Amino acid sequence: MELKDKVVIVTGGGQGLGRAIAEFFAAKGAKLALVDLNQERLDQAVQACKKIGVEARSYLCNVADEAQVIAMVNQVATDFGSLNGIVNNAGILRDGLTIKVRDGEMSKMSLENWQAVLNVNLTGVFLCAREVAAKMIELKSEGVIVNISSISRAGNMGQANYSAAKAAVAADTVVWAKEFARYGIRVGAVAPGFIETEMTSGMKPEALEKMCSGIPLRRMGKPYDIAHSVGYIFENDYFTGRVLEVDGGLRL
Ligand code: NAP
């Protein structure tokens, strides 16, 4: 798909990877609908896209809330007059061991932390993919859905909730590619390794160094590396049902 003048929703578009993806798409001439929970950050991201020279709008929406997602997708289609894809990027972390025993004291991952991550990282992706696919079918428009999975989908210690959600997102990428192909909709995913974002900028230098020493390319990825991969999936018309692993060669 040629990105110029296409309308693309980016969830979690206010910061981090989402903002980098939005700016990358803006540079290719796409029109951006940015979805997030924080209006101030959304405004800054929208301004950044407009400065590049494209139409961009912000939408406050919790991707885990069915009514909000339905309303947001309808509003985007009304505002822009068309819809050509979504990047399901919004995500959260609530890390912790499932069971932890220290000094004879046992603690457990709470159901709340399990559910919170599944709600945003899996149910949010399902709701957004479903509603965007439905709208694109209704509008008879060419479309692409890209889901952001993670290297943690292989199973990362301390991330039972996150790993489960990211593995499920990779599996449903294949499901939706098969289900939506008949409507001219392709579905792909990117599984990033460790990327320099707000999430990782607070880490201690020693911890970062230790982490990077296990990466064959010896460095963390840049948000641009992920944006470039998302752009590739949009632009390559024979890509569907697969997950691009962009992790510097790291294996968990
Ligand atoms: P980030 O900096 O925390 O950005 C995520 C954005 O999503 C935030 O703006 C956040 O808003 C928003 N968000 C959270 N819950 C939401 C909800 N329910 N509805 C709408 N928006 C919501 O994270 P990131 O590092 O850019 O990561 C982006 C994606 O890449 C995530 O899916 C993450 O799991 C994945 N990923 C990241 C890495 C990495 O190394 N950074 C590696 C692998 C995969 P608030 O801040 O207001 O909550």
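Whatever order the structure lists ligands and atoms in, that order sets their numbers, starting from 1. Because the structure is predicted, anything quoted here is derived from the model rather than measured.
What sits closest to atom 6 (C) of ligand 1 on the protein, heavy atoms only, is Gly12 CA, 3.7 Å. The shortest contact between atom 9 (O) of ligand 1 and any protein heavy atom is with Asp36 OD2, 2.8 Å. At the shortest separation from atom 39 (C) of ligand 1 among protein heavy atoms lies Met199 CE, 3.6 Å.
In terms of polar-atom proximity, defined here as any N/O pair under 3.5 Å, Asn38 makes no such contact with ligand 1. Looking at ligand 1, you'll find an N or O of Asn62 within less than 3.5 Å of one of its N or O atoms. Between Val63 and ligand 1, at least one N/O pair is under 3.5 Å apart. Taking any N or O of Leu17, backbone or side chain, at least one lies under 3.5 Å from an N or O belonging to ligand 1.
Side-chain atoms of Asp247 come within 3.5 Å of backbone atoms of Gly249 as a donor-acceptor pair (strictly under, hydrogens ignored). Between the side chain of Thr173 and the backbone N or O of Ala189 there is no donor-acceptor pair closer than 3.5 Å.
Here Met220 has no heavy atoms under 4.0 Å from ligand 1, in either its backbone or its side chain. Contact annotation: for Val120 versus ligand 1, heavy atoms closer than 4.0 Å belong to the side chain alone. Residue contacts with ligand 1, taken as heavy atom pairs separated by less than 4.0 Å, involve Ile195 via backbone and side-chain atoms alike. Here Cys61 has backbone heavy atoms under 4.0 Å from ligand 1, and that is the only part of it that gets that close. Under 4.0 Å from ligand 1, the heavy atoms of Ser149 that appear belong solely to its backbone.
Classified by interplanar angle (parallel below 30°, tilted 30° to 60°, perpendicular above 60°), the ring pair Tyr224/His228 is tilted.
Contact detail for Asn121 and Ala90: the closest heavy-atom pair is OD1-O, 4.4 Å. Shown here for Ile151 and Gly193, the closest heavy-atom pair between the two residues is CG2-CA, 3.8 Å. The minimum heavy-atom distance between Asn62 and Val69, with the atom names listed, is O-CG2, 3.8 Å.
Shown in contact with Thr197 at under 4.0 Å from a heavy atom are these atoms of ligand 1, numbered in order with element: 25 (O), 41 (N). Of all atoms in ligand 1, listed by their number and element, those nearer than 4.0 Å to a heavy atom of Asn89 are 28 (C), 29 (C), 30 (O), 31 (C), 32 (O). Listed by atom number, the atoms of ligand 1 under 4.0 Å from Gln15 heavy atoms are 1 (P), 2 (O), 3 (O), 4 (O), 8 (C), 9 (O). Those atoms of ligand 1 with a heavy atom of Tyr162 less than 4.0 angstrom away are 33 (C), 34 (O), 35 (C), 36 (N), 43 (C), 44 (C). Less than 4.0 angstrom separates some heavy atom of Phe194 from each of these atoms of ligand 1: 40 (O).
Using a 4.0 Å heavy-atom cutoff, Gly193 is listed among the residues neighbouring ligand 1. Distances from ligand 1 to the non-hydrogen atoms of Glu196 include no value under 4.0 Å.
Geometric assessment of Arg57 against the ring of Phe80 yields a positive cation-pi assignment under the 6.0 Å and 45° thresholds.
With distances taken over non-hydrogen atoms, the option nearest atom 16 (C) of ligand 1 out of Thr123, Ile92, Leu37, Thr11 is Leu37. By heavy-atom distance, the residue among Gly91, Ala64, Pro192, Ala90 lying nearest atom 22 (C) of ligand 1 is Ala90. When the heavy atoms of Gln39, Arg41, Glu198 are ranked by distance to atom 47 (O) of ligand 1, first place goes to Arg41.
A side-chain contact (heavy atoms from CB on, under 4.5 Å) with Leu32 is found for exactly one of Val10, Val7, Val87, Ile9, namely Val10.
A single hydrophobic cluster is not seen to contain both Leu127 and Ile70; linkage of ILVMFWY side chains at heavy-atom distances under 4.5 Å, directly or through other members, places them apart. When the side chains of ILVMFWY residues are joined at heavy-atom separations under 4.5 Å, either directly or via intervening members, Leu60 and Val35 end up in two distinct hydrophobic clusters.
Ser201 and Glu196 share no donor-acceptor pair across their side chains, judged by distance under 3.5 Å alone. Under the 3.5 Å distance criterion, with hydrogens and angles disregarded, a donor-acceptor pair is assigned to the side chains of Tyr59 and Asp79.
Of the charged side-chain nitrogens involved, none lies within less than 4.0 Å of a carboxylate oxygen, so that Glu206 and Lys210 do not count as a salt-bridged pair.
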